[in-house]
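Below is one structure, written out as structure tokens, with a few remarks after it.
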2 protein chains.
Amino acid sequence: MIRLLLVDDQHLIRAGLRMLCDAQPDIEVVGEADNGREAIALAARLIPDVVVMDLRMPGVDGITATSRILADRPATRVLVLTTFGDDDHLYPALTAGACGFLLKDAPPADLLDGIRRAAAGDSPFSQEVLRRLVQRAVHARAETPPPAQGLTAREQDVLNLVAEGLSNTEIADRLHIGVTTVKTHITSLMTKTNSPNRVRLALFARGA
Amino acid sequence: MIRLLLVDDQHLIRAGLRMLCDAQPDIEVVGEADNGREAIALAARLIPDVVVMDLRMPGVDGITATSRILADRPATRVLVLTTFGDDDHLYPALTAGACGFLLKDAPPADLLDGIRRAAAGDSPFSQEVLRRLVQRAVHARAETPPPAQGLTAREQDVLNLVAEGLSNTEIADRLHIGVTTVKTHITSLMTKTNSPNRVRLALFARGA
DNA sequence: GCGCGCCTCCTCCCCGGGGAGGAGGCGCGC
DNA sequence: GCGCGCCTCCTCCCCGGGGAGGAGGCGCGC
């Protein structure tokens, strides 16, 4: 049973969502809030599995409520449900820790699917939003730095991630190799590029 | 009925996928290919709705096959299914036009779900992959750097030297202060600029 | 078959980086 | 005189970064 907290300042929307969810055997709406302040308080008291969170609300908004709720209980799945899918809503929400982002014009079946996937640890996004996320990620990837020479392919991989400011552990995870292997590559990179420390290595990678 | 083309060089995997899909009332496997060249030919002849595409294959690889198939029929949904989820597989696949990206260690139910969602116009991604995509998109968005406000004069001095790649001892010598003092400033800088490590701090200083 | 480079991972070891939690001196505005 | 922010430096502590010196597996060219 998924314990759900609904947060939206429009009563009608809460009512619709509640009716929809109450008809599901695996979802239980444990509370409703019509602003961020109340959402924070209710989340602390009711400990829901999933919070369906509106963004634009009077007083404390959904972004603030999201980060506060997650600061308190990081395991909570906050699923944003909003009318506005533009970047200025999307990215603050993701930075605040929202696990997914759905638009209110989605069909009811998608909402329910999203709630279930959020509860299962997945990250549901509306198609339109996901497309933009992927586009931006691909675009950002394309901007990654020009190569240096004399480095092996793997060393170049590691170097790029050092240049992004990742730790050895993060690099290991990203490349699916061991931390010791990362260290080996970095030792080799530092001698090859004549860098006395990691920051210099990062600067080298960026052509600085 | 979803018309599906399976592309994978490992016979065993094709067999497993076929068995899985044949058991579904709404999916029909219309063909199989064990390399990219054959995939391109079969896609042109069979006009599948969805292509489940492996990446590493002898001869023509999955990336090339994906872009060729989509150049021919853009409406085709190419869903990558691979063992390797790292960036060097992911981004080329997305650039080539893949609509989704699943890892082979996913449970069978997720595979079927992914095929159905791909057919429906959605973009299925493995959680791990999606997390990275979102991270990178958020990170790219953050390129518009949050203002560096609130630094004291001395913190700014230290920050400039960190950005040049100096060690704490070198910074201390340069500014004629103790190493512990340098550490104090750096700790303060890292919290103020929200940097998890020294490289990120240096990048922050450089507006990267 | 052999050597070679690359990639992977290992142990042993140590220092520098960084967090937590202080304290004292100074100049400033009120 | 008092509070305050800044700069300075301290201890205690620990982990991550990085050096030294290995090893095995793999694919490649010869």
Side-chain angles (χ1 to χ4, degrees), chain A residues 71 74 147-206, chain B residues 9-10 35 55-59 61 82-89 105 147-206:
Chain A
Q149 62 271 56
L151 304 186
T152 69
R154 215 46 170 159
E155 284 167 358
Q156 189 64 53
D157 292 342
V158 172
L159 181 57
N160 289 148
L161 298 178
V162 168
E164 286 181 29
L166 302 199
S167 68
N168 287 347
T169 311
E170 288 169 333
I171 294 172
D173 288 348
R174 191 77 82 86
L175 297 179
H176 298 112
I177 57 181
V179 181
T180 55
T181 308
V182 174
K183 286 184 167 197
T184 303
H185 288 309
I186 286 184
T187 300
S188 158
L189 280 166
M190 290 177 79
T191 57
K192 279 188 181 179
T193 66
N194 200 29
S195 304
N197 61 52
R198 174 177 278 248
V199 173
R200 289 279 193 86
L201 183 60
L203 296 181
F204 170 88
R206 295 181 157 253
Chain B
D9 62 328
Q10 295 181 65
N35 64 70
L55 290 186
R56 291 211 180 173
M57 290 180 296
D61 67 289
T82 176
T83 309
F84 310 96
D86 57 286
D87 288 359
D88 290 331
H89 289 85
D105 59 12
Q149 307 313 2
L151 302 189
T152 70
R154 215 45 168 163
E155 283 167 359
Q156 190 64 54
D157 292 341
V158 173
L159 181 58
N160 290 147
L161 297 178
V162 168
E164 286 180 32
L166 302 199
S167 69
N168 287 347
T169 311
E170 288 168 333
I171 294 172
D173 288 348
R174 191 77 79 86
L175 297 178
H176 301 294
I177 56 180
V179 182
T180 55
T181 308
V182 174
K183 284 186 168 196
T184 303
H185 289 310
I186 287 184
T187 301
S188 159
L189 280 165
M190 291 177 77
T191 57
K192 280 187 180 178
T193 65
N194 202 27
S195 303
N197 61 52
R198 173 175 279 247
V199 174
R200 288 278 193 87
L201 183 60
L203 296 181
F204 170 89
R206 295 180 158 255

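The figures here come from the full heavy-atom set of this structure, side chains too, leaving out hydrogens, waters and symmetry mates. Residue numbers start from 1 in every chain, and the chains themselves are labelled A, B, ... in the order their sequence lines are given, proteins ahead of strands. All values derive from a computational prediction rather than experimental measurement.
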Minimum heavy-atom distance A:G165-B:N197, with the two atoms named: O-ND2, 2.8 Å
So, OP1 or OP2 of C:dG16: does either fall under 4.0 Å of a side-chain N or O from B:S167? no
Which atom of A:L203 lies closest to which atom of B:E164, heavy atoms considered: CD1-C, 3.9 Å
Polar atom pairs between nucleotides 8-10 of chain D and protein, under 3.5 Å, N or O only, would you list them?
{"residue": "D:dT8", "atom": "OP1", "partner": "B:R154", "partner atom": "NE", "Å": "3.0"}
{"residue": "D:dT8", "atom": "OP1", "partner": "B:R154", "partner atom": "NH2", "Å": "3.0"}
{"residue": "D:dT8", "atom": "OP2", "partner": "B:R154", "partner atom": "NE", "Å": "3.2"}
{"residue": "D:dT8", "atom": "OP2", "partner": "B:H185", "partner atom": "NE2", "Å": "3.0"}
{"residue": "D:dC9", "atom": "OP2", "partner": "B:G178", "partner atom": "N", "Å": "2.5"}
{"residue": "D:dC9", "atom": "OP2", "partner": "B:T181", "partner atom": "OG1", "Å": "2.6"}
{"residue": "D:dC9", "atom": "O5'", "partner": "B:T181", "partner atom": "OG1", "Å": "3.3"}
{"residue": "D:dC9", "atom": "N4", "partner": "B:T184", "partner atom": "OG1", "Å": "3.0"}
{"residue": "D:dC10", "atom": "OP2", "partner": "B:T180", "partner atom": "OG1", "Å": "3.4"}

Would you mind reporting whether B:Q156 and B:L159 have side-chain heavy atoms less than 4.5 Å apart? yes
Out of curiosity, B:E155 CD to B:L189 CG, how far, rounded to the nearest 0.5 Å? 5.0 Å
D:dG16 OP1/OP2 closer than 4.0 Å to side-chain N/O of A:N168: no
Report yes if the side chains of A:L175 and A:R154 come closer than 4.5 Å at any heavy-atom pair, otherwise no. yes
How far apart are the closest heavy atoms of A:K192 and A:L151, and which atoms are they? CD-CD2, 3.6 Å
D:dG16 C1' sits how many Å from A:I171 CD1, rounded? 12 Å
Closest non-hydrogen atom pair, A:V179 against A:T169: CG2-CA, 4.3 Å
Output yes when at least one side-chain N/O atom of A:T152 is less than 4.0 Å from OP1 or OP2 of C:dC6, else no. no
From CD of B:E170 over to C1' of C:dG16, roughly how many Å is that when rounded to an integer? 12 Å
Does A:K183 offer a backbone N or O that forms a donor-acceptor pair with the side chain of A:T187 under 3.5 Å? yes
For A:I171 and A:V162, work out which heavy atoms get closest and say how close. CD1-CG2, 3.7 Å
Watson-Crick or G-U stems involving DNA chain D, each at least 3 pairs long, distances under 3.5 Å, ordered by first number: C:1-30 with D:1-30
What's the spacing between B:M57 CE and B:T82 OG1 if we round to 0.5 Å? 9.5 Å
Atom CZ of A:R200 and atom P of D:dG18: how far apart are they, to the nearest Å? 13 Å
Report the distance from atom CG of B:L201 to atom P of D:dG16, rounded to the nearest whole Å. 19 Å
Taking the side chain as every heavy atom from C-beta outward, state whether B:I186 and B:R198 have any atom pair closer than 4.5 Å. yes
If you look at every heavy atom in B:S195 and B:T193, which pair is closest and at what distance? OG-OG1, 2.7 Å
If I take atom CG in residue B:D173 and atom P in nucleotide C:dG16, what distance separates them, rounded to the nearest angstrom? 12 Å
Expressed as a whole number of angstroms, how long is the span from A:K183:NZ to C:dT11:P? 11 Å
Of the candidates C:dG18, D:dC7, D:dG17, the side chain of B:A153 sits closest to D:dC7
For A:L189 and C:dC6, what is the distance between atoms CG and P respectively, to the nearest whole Å? 12 Å
In whole angstroms, how far is the P atom of C:dG18 from the CG atom of B:N197? 7 Å
Detail all sub-3.5 Å separations between protein N/O atoms and N/O atoms belonging to nucleotides 24-30 of chain D.
none

